[in-house]
Amino acid sequence: MNNRFLDACWGKPVDRTPVWLMRQAGRYLPEYMRVRSKCTFLELCKSPELAAEVSIQPVEILKVDAAILFSDILTPVEPMGMKLDFVPGPLFEHPIRTMADVEALRIPQMEQDVPYVLETIKILRRELDGKVPLIGFGGAPFTLACYMVEGKGSKDWATMKRMMYTAPEVFHALMEKVTMMDMEYLNAQIKAGAQAIQIFDTWGGVLSPADYVRYVLPYTTKLINGLNRQETPVIHFVKGAGSMLDIVKRAGGDVMGLDWHVELGKARDILGTDMAVQGNLDPTVLFASHKIIEREVQRVLDENGDRPGHIFNLGHGILPTVPPENAIHMVECVHRLSQK
Ligand code: CP3
């Protein structure tokens, strides 16, 4: 079993830097498109055999050191009572706007309401046995609530932020409910066999540090505290958190996910030796020549220096137009250049 990824999450020394890519299962891979051409994205998420197949594709094609469950952060929100579509971005027919909307949300029974997610994890653990660990994941309460309130993606999340400032009781009731759902969802993933958990807070960085402390930190902290994670490291990725890493650390994760707006070495100085980091190559570097990709991989490795507890990754998800051979090259560079 290749345990480099889990060892690095716990800050233990490893023979070479483990690497995986956020959104590594997806549209840049022709192998994914072949499976995806037969069904919708949601149908794929709800078909355990197919979801497991596309999770394993990047392990075999890119030779990454971890697999990630194939699903979406919004999968468990649908059974809360919100009809969901992907067009291709997420779309909720009836966004949350009032206290009555929040009160109508239910907390799903995970075994009954998202059995396909737990089944996919079980299949993956069997098929990955002896190969690489499996990462489960969920959205942070704030990022999930952003989509639930806006109904879709947004440039400025103004509807969400207006609710935060003008109807705080609705905002806090929603965050409370989403946090409880998330806790049960991620614990169900751990119980089913997920060996690490990544929490994606893609939009946490749209708030000022002061607002992050007031509106987001209490909920993510409560979520992480409520996870059965004695043996399951938690990776906390807040995009745009470069200027508030000390604050985000207080949420309690084991690994800090870093985007590319922060120097990895400086981030490590701020975070200290008791927290591992994951990141942080600019995803668009994968459009560059092999020579430049190698140079940038070396730069990120150099910023880390010889500190244990680094998992190489992109600073955000891989883009659908990236040539797969460049992603393969990136992984190969990380392994070759970091070999002890
Ligand atoms: O990392 C992996 O390979 C696992 C699968 C995964 C998906 N979404 C599959 C997906 C993961 C970890 C996610 C997380 C996710 N989903 C996030 C957080 C990470 C991030 O990128 O910030 C967010 C914000 C979402 C919500 C979401 N889902 C959006 C905004 C979109 C559309 C954007 C786009 O890429 O077009 C999706 C759809 C989605 N999720 C696809 C995939 C493979 C594309 C669907 C398709 O095949 O048509």
Side-chain angles (χ1 to χ4, degrees), residues 19-47 50-62 64 66-78 82 84-92 116-117 120-121 124 132 134-155 157 160 182 185-186 189 194 196-206 235-241 257-260 278-280 283 311 313-322 324 327:
V19 51
W20 68 282
L21 285 73
M22 287 191 270
R23 305 286 289 269
Q24 65 189 12
R27 287 164 296 177
Y28 72 104
L29 286 178
E31 293 82 354
Y32 170 83
M33 291 313 290
R34 190 173 39 74
V35 177
R36 172 72 171 76
S37 67
K38 296 179 210 140
C39 58
T40 66
F41 171 63
L42 264 177
E43 284 165 352
L44 180 48
C45 292
K46 293 177 186 179
S47 310
L50 295 180
E53 181 181 341
V54 298
S55 281
I56 290 173
Q57 285 173 351
V59 176
E60 290 178 345
I61 298 166
L62 308 185
V64 285
I68 181 162
L69 163 72
F70 189 83
S71 186
D72 196 81
I73 58 168
L74 297 170
T75 322
V77 174
E78 193 178 42
M82 296 191 72
L84 173 65
D85 216 340
F86 283 88
V87 291
L91 184 65
F92 287 113
Y116 37 85
V117 172
T120 304
I121 291 174
L124 279 167
V132 296
L134 174 65
I135 305 168
F137 73 91
F142 182 73
T143 288
L144 295 178
C146 276
Y147 286 103
M148 293 167 81
V149 170
E150 298 277 344
K152 55 183 190 304
S154 165
K155 271 208 174 67
W157 303 97
M160 174 60 164
D182 229 357
Y185 182 58
L186 294 176
Q189 289 191 30
I197 292 290
Q198 172 146 333
I199 297 172
F200 285 93
D201 207 352
T202 307
W203 305 115
V206 304
I235 306 166
H236 186 196
F237 171 68
V238 182
K239 188 162 177 281
L258 301 172
D259 71 24
W260 65 98
Q278 175 177 279
N280 70 342
I311 299 131
N313 205 315
L314 302 175
H316 196 204
I318 187 168
L319 294 163
T321 45
V322 161

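Keep in mind that what you see is a predicted model, and the values were worked out from it rather than measured. Counting starts at 1 for both ligands and their atoms, following the listed order.
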Nearest to atom 29 (C) of ligand 1 by heavy atom, Pro88, Gly153, Pro90: which?
Pro90
Ring pair (Phe, Tyr, Trp, His ring centres under 6.0 Å) partners for Phe200, two or more places apart
Phe137
Atoms of ligand 1 less than 4.0 Å from Gln24 heavy atoms?
1 (O), 2 (C), 3 (O)
Heavy atoms of Leu84 and Leu42 approach each other most closely as O-CD1, 3.5 Å
Starting from atom 28 (N) of ligand 1, which protein heavy atom do you reach first, and at what distance in Å?
Asp72 OD1, 2.7 Å
Could you point out which residue of Thr120, Leu134, Ile197 forms a side chain to side chain contact (heavy atoms under 4.5 Å, CB included) with Gln189?
Ile197
Selection from Phe86, Tyr32, Phe41 by shortest heavy-atom distance to atom 10 (C) of ligand 1
Phe41
In the protein, what heavy atom is nearest to atom 36 (O) of ligand 1, and what distance, to one decimal place, separates them?
Arg27 NH2, 2.8 Å
Candidate with minimal heavy-atom separation from atom 25 (C) of ligand 1, of Ile199, Ile318, Ile73, Leu319
Ile73
Counting heavy atoms only, which part of Gln198 comes closer than 4.0 Å to ligand 1: side chain, backbone, both or neither?
neither
Atom 20 (C) of ligand 1 - nearest protein heavy atom and its distance:
His316 NE2, 3.1 Å
Using non-hydrogen atoms of the residue, decide whether Leu69 is closer than 4.0 angstrom to ligand 1.
yes
Indicate yes or no: at least one non-hydrogen side-chain atom of Pro324 is less than 4.5 angstrom from one of Pro30.
yes
Look at atom 41 (C) of ligand 1 and find which of Lys152, Arg36, Arg23, Met22 reaches it with the closest heavy atom.
Arg23
Atom 9 (C) of ligand 1: which of Ser71, Gly26, Pro58 has the nearest heavy atom?
Ser71
Between Arg23 and Tyr28, is there a side-chain heavy-atom distance shorter than 4.5 Å?
no
Run the numbers on Trp20 and Gln198 for side chain to side chain contact (heavy atoms under 4.5 Å, CB included), then give the verdict.
CA-CA 12 Å; Trp20 68 282; Gln198 172 146 333; 3.2 Å; yes
Is there a side-chain contact between Asp182 and Ile199 (heavy atoms, below 4.5 Å)?
no
Indicate yes or no for a side-chain donor-acceptor contact from Gln24 to the backbone of Ala66 under 3.5 Å, with no hydrogens or angles considered.
yes
For atom 18 (C) of ligand 1, what's the nearest protein heavy-atom neighbour? Residue, atom name and distance, please.
Thr202 OG1, 3.3 Å
To the nearest 0.1 Å, how far is atom 19 (C) of ligand 1 from its closest protein heavy atom, and which atom is that?
Phe200 CD2, 3.3 Å
Would you say the rings of Phe70 and Phe41 are close, in the sense that their centroids are separated by under 6.0 Å?
yes
Ligand-residue contact atoms, ligand 1 with Phe70, heavy atoms, under 4.0 Å
43 (C)
Can you tell me if Tyr147 has a non-hydrogen atom under 4.0 Å from ligand 1?
yes
What class does the angle between the rings of Trp157 and Trp203 fall in, given that below 30° is parallel, 30 to 60° is tilted and above 60° is perpendicular?
tilted
Nearest-neighbour protein heavy atom for atom 3 (O) of ligand 1, which is reported as residue plus atom name and distance:
Ala25 N, 2.9 Å
